[in-house]
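Taking it in order: structure first as structure tokens, then the write-up.
Naming convention: chains lettered A, B, ... in sequence-line order (proteins, then strands); numbering from 1 in each chain. Side-chain atoms are counted along with the backbone in the values below, which use heavy atoms only and exclude waters and symmetry mates.
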Protein chains: 4
Amino acid sequence: MAKQRPSARRGDDRRRSWLERVRPLIASQVGDPSLVERRYGELIAAAARLFQEKGFDRTTIDDIAGRLNISVGAIYRYVERKEDILLLTLARTLWRFQKLGPPPPDGDPAQRLRELIRRYYRVIAADAPSTLLAYRESYVLRGEARQLTKDMELETNRAFEAVLRDGIARGAFRRCRVEVVTYDIVMLGHMWALKRWYLGRLVDLDAYIAEQTDFILSALSRRRGSGERRDRSLPRIPRRV
Amino acid sequence: MAKQRPSARRGDDRRRSWLERVRPLIASQVGDPSLVERRYGELIAAAARLFQEKGFDRTTIDDIAGRLNISVGAIYRYVERKEDILLLTLARTLWRFQKLGPPPPDGDPAQRLRELIRRYYRVIAADAPSTLLAYRESYVLRGEARQLTKDMELETNRAFEAVLRDGIARGAFRRCRVEVVTYDIVMLGHMWALKRWYLGRLVDLDAYIAEQTDFILSALSRRRGSGERRDRSLPRIPRRV
Amino acid sequence: MAKQRPSARRGDDRRRSWLERVRPLIASQVGDPSLVERRYGELIAAAARLFQEKGFDRTTIDDIAGRLNISVGAIYRYVERKEDILLLTLARTLWRFQKLGPPPPDGDPAQRLRELIRRYYRVIAADAPSTLLAYRESYVLRGEARQLTKDMELETNRAFEAVLRDGIARGAFRRCRVEVVTYDIVMLGHMWALKRWYLGRLVDLDAYIAEQTDFILSALSRRRGSGERRDRSLPRIPRRV
Amino acid sequence: MAKQRPSARRGDDRRRSWLERVRPLIASQVGDPSLVERRYGELIAAAARLFQEKGFDRTTIDDIAGRLNISVGAIYRYVERKEDILLLTLARTLWRFQKLGPPPPDGDPAQRLRELIRRYYRVIAADAPSTLLAYRESYVLRGEARQLTKDMELETNRAFEAVLRDGIARGAFRRCRVEVVTYDIVMLGHMWALKRWYLGRLVDLDAYIAEQTDFILSALSRRRGSGERRDRSLPRIPRRV
DNA sequence: AATGAATGAGCATTCATTCAT
DNA sequence: GATGAATGAATGCTCATTCAT
């Protein structure tokens, strides 16, 4: 017990904390936590696919129950309403990014960013339909559930933010508004999922990652001469109130 | 035919061609084209708002009829099914980008791109909810209707493509896969609509445009030394089948 | 037009005012008032029977629709929820008492009371199951609807109150707490409906009315000697706060 | 057997006989009678409250189990169906009147009746919601269960019948149809529960009892002259077939 | 004896679409 | 052309009851 491997332990912590984030928002009537976790997994597997194919509103509880060979009543012992299943699905999707693994080893900021982008984009590509689903159906969620998805997205962004700030501090990247550029990088990852109907005909994933990595690193490169706006003092950029 | 006023003609062409694109997909029972056009406009105005607020599936025909002070039966004389109204709405949204106005004046490619970005991003910001709607509800459309929205989006991209290709040809921009970078630029515009819940708290539109313009132009700048990958021969990048 | 008979007019007023009492509580989607009135009548006829037989909660909308040879959707164009049908039913039942006709002619208070009792009890007996229904299912209604049924019941009681007060003022009846005795009379009428499973085996309606009339008039008679409590000053009877 | 303390014995008899009346109608799977009796008591306590608040049909077995901190399965070991719990509840309510205590001491019939009324009305007032419940939900019971509640109500009435008959025989009360007048007295007691929403605002319980006692005794008083209908021969009153 | 997860028929309500007027 | 009442299949959710543990 005393000598658990840190990585295994962290993995465990992470899985647990995913449930911990979601469960308080979903009133389950079933007590046994391991059963609940199993059922959640089954629900996600079945529902994610259906939601992707037909959309949330066009997927019925009967569809989900049928695919799981379970009764509708059984589903409602684990969730209170249909939206809860969507929350489960989206939370699991967003959580994948927490599994990007140990942060890239120290070293050249550009290399660290490259690696982070590669991992992040690969996670997206591994399940593009889920990313699409998140864009399409997030609006269905309200209140705390909606907030949770937003929070989880922003938390994921933090890894990029850290690398960017470090790179800027070390003079490897040009100065920029880090929050915006962070989202640029994230967005260009999501783009693979959002526009795959077009991009997929042009390039494969590796080429896409290479292209976007070039684009991003080039955008961050410090330029000679007038490249970087001299007069720009970040703090003075007007914030919108 | 020869002496129509250019401006009137262009405006007319454009409006007509929007209808021309959409009408063959929508079986209206009403003959009078100007009446149809008027009703389409009313439908779009009412439905767009409702779809944005509640989503397509959660908006009823009664909602739309009620907002228009028209009968449900009347609506069904102009469209065949509910999805047609969505098509109308999305087509109108996508059409806004055709109105970017006269192409930027010849000159420095960077200046032309700057100007194009500025206009494009402003159009998005002028009606962010519609962009959001397009991302959320496009999947509802099937067949030709879905294809039309894709085509219209790609057509809009052409203006960026042209400027990029010109800039590369003239050595102002680094070499890159133009279709991808085009979509990057477009995507970072959509991002203002998609992530405004976050970005809107950080920057205002002008700052956003400035930041992204810097980002994009920096990404396109030719760099000293190894910045541009020497060994890269674009045509050899494997296409995905 | 100018010379409508008063009675006919009053009858008309009354029917209208019944609708006027109920309609503001029921959001109907149908405009045509005469159609609404007709449908309300049909709904009441079908639902009252079903509610009496099986109870409100055990009667389904399908039952009602089936009995009316109407679609469920049609019902929901006239009412917003199932409870509305119950309100309709109870309101109609309570309204029957407004039709007791012109108040008994002036004369001996005992005679007027006798006549009022006779009429009131006959109305109950004419549709005992509805009275039973009111006792059983009123609790289902909430808010304004519940209040309306209470108000209508109390309004009916007023006729008895007036006769009692008049009789007491004229020395024909002993002094008593009029509101309580009023409800006694009303209650002994309801009793015919509530306990008919027992009473119906013992007496017929006329005998019942005769018996109860004797009971009530005897109870109200002024007695010699100690019959009427001398020391009792009505105003001093403690009111419950 | 001979030397049990009277009080203990009576209490025991009564409790036992209540169970004896109900148990044959309820198939319990549990053998131990004292356990069954305890569970019945718990069920009644929990269910009565819930039935009063939400009605029988709107109270779920889960509600009851939850309130008792017992499993639904456990409940179904003591009763066969949900209706059994209602029977239990109503039987207990009706049984309260068996506990009116030793019959009023011999003496003046009016005094005995006064005392009986006082006790009976107090029992009702002590748990008015249960009386309301009986009126509302009795119809749910069918067959023997329904009959049992009717029988128990009529048995309670017997005490009043006896006093009335005695009073009439001794010339203290006027002649009347005893069964009807008995129910009048009972009904005016129930009225406190049924119309408390109105009466409770006018009088307190003691005033109510005083008022009704006056009303009833006055109704039973023999009057001078034509007060009592001479020509009336009770046996000839037509019975309803 | 007790538990509580599972079942699945049942129900209120919605809403796209039709069609008689 | 326009109206709006009617249709009825569809759907989310409930809950009495069962039964394996």
Side-chain angles (χ1 to χ4, degrees), chain A residues 28-32 35-36 39 57-66 69-85, chain B residues 28-32 35-36 39 57-66 69-85, chain C residues 28-32 35-36 39 57-66 69-85, chain D residues 28-32 35-36 39 57-66 69-85:
Chain A
S28 160
Q29 292 177 60
V30 172
D32 180 1
L35 184 52
V36 170
R39 289 290 198 211
D57 280 322
R58 290 152 188 240
T59 299
T60 71
I61 293 289
D62 271 319
D63 288 339
I64 299 171
N69 270 320
I70 237 186
S71 67
V72 291
I75 290 179
Y76 278 95
R77 286 187 59 76
Y78 294 90
V79 299
E80 225 176 357
R81 56 186 68 83
K82 196 186 165 193
E83 277 79 6
D84 292 343
I85 306 177
Chain B
S28 159
Q29 293 175 53
V30 173
D32 180 0
L35 183 50
V36 170
R39 289 290 197 212
D57 280 319
R58 290 153 189 239
T59 299
T60 71
I61 295 288
D62 266 331
D63 288 339
I64 299 171
N69 272 320
I70 234 183
S71 68
V72 289
I75 290 179
Y76 275 92
R77 291 190 55 76
Y78 296 90
V79 300
E80 217 176 2
R81 57 187 70 81
K82 194 184 168 196
E83 276 79 5
D84 293 342
I85 306 177
Chain C
S28 160
Q29 292 178 59
V30 172
D32 180 2
L35 183 51
V36 169
R39 289 290 196 210
D57 280 322
R58 290 153 187 241
T59 299
T60 71
I61 294 289
D62 270 317
D63 289 339
I64 299 171
N69 271 321
I70 237 185
S71 67
V72 290
I75 290 180
Y76 277 95
R77 288 188 58 76
Y78 294 90
V79 300
E80 225 176 357
R81 54 185 70 83
K82 197 184 165 194
E83 276 79 6
D84 292 342
I85 306 177
Chain D
S28 159
Q29 293 175 52
V30 173
D32 179 0
L35 183 52
V36 170
R39 288 290 197 213
D57 280 319
R58 291 153 188 239
T59 298
T60 71
I61 295 288
D62 265 332
D63 288 339
I64 299 171
N69 271 320
I70 234 184
S71 69
V72 288
I75 290 179
Y76 275 92
R77 289 190 57 77
Y78 295 91
V79 299
E80 218 177 1
R81 56 186 70 81
K82 196 184 166 194
E83 276 79 5
D84 293 343
I85 306 176

Given Watson-Crick and G-U pairs under 3.5 Å, DNA chain E in dot-bracket ([ ] crossing, | other strand) is .||||||||||||||||||||
Which residues pass the side-chain hydrogen bond (donor to acceptor under 3.5 Å, both in side chains) test with D:T60, not counting sequence neighbours? D:D63
For C:D57, check salt bridge (charged side-chain N to carboxylate O under 4.0 Å, His left out) against everything at least two apart and list the hits. D:R58
Classify the nucleic acid contact of D:G66 as base, sugar-phosphate or nothing, counting any heavy atom under 4.0 Å across all strands shown. nothing
Atom-pair distance (CG on A:D57; C1' on E:dC15), nearest Å: 13 Å
Separation of E:dG10 atom C1' from A:Y76 atom OH, nearest Å, is 14 Å
C:D62: partners by side-chain hydrogen bond (donor to acceptor under 3.5 Å, both in side chains), with sequence neighbours left out: none
Ignoring backbone atoms, test whether A:R77 places a side-chain nitrogen or oxygen under 4.0 Å from the OP1 or OP2 oxygen of E:dG8. no
Whole-Å distance, C:I61 CD1 to E:dG10 P, equals 17 Å
Atom CD of B:E80 and atom C1' of E:dA16: how far apart are they, to the nearest Å? 13 Å
B:T60 or D:A74, whichever maps to the more 5' nucleotide of DNA chain E: D:A74
Would you indicate what D:Q29 reaches in the nucleic acid, counting non-hydrogen atoms under 4.0 angstrom: base, sugar-phosphate, or nothing? nothing
Spacing of D:I64 atom CD1 relative to E:dT3 atom P, expressed in whole Å: 15 Å
side-chain hydrogen bond (donor to acceptor under 3.5 Å, both in side chains) against A:R77, all qualifying residues, sequence neighbours excluded: none
If I take atom CD in residue C:E83 and atom C1' in nucleotide E:dA12, what distance separates them, rounded to the nearest angstrom? 10 Å
Quick check on DNA chain F: between A:G73 and B:L35, whose nearest nucleotide comes earlier from the 5' end? B:L35
When you measure from the side-chain N and O atoms of D:S71 to the phosphate of E:dT3, is any distance below 4.0 Å, counting only OP1 and OP2? yes
Using chain D heavy atoms and a threshold of under 4.0 Å, write down where along DNA chain F the contacts begin and end, 5' to 3'. F:dC15 to F:dT18
Between atom OH in C:Y78 and atom P in E:dT13, what is the gap in whole Å? 18 Å
If you look at every strand shown and take non-hydrogen atoms under 4.0 Å, does A:T59 touch a base, only sugar-phosphate, or nothing? sugar-phosphate
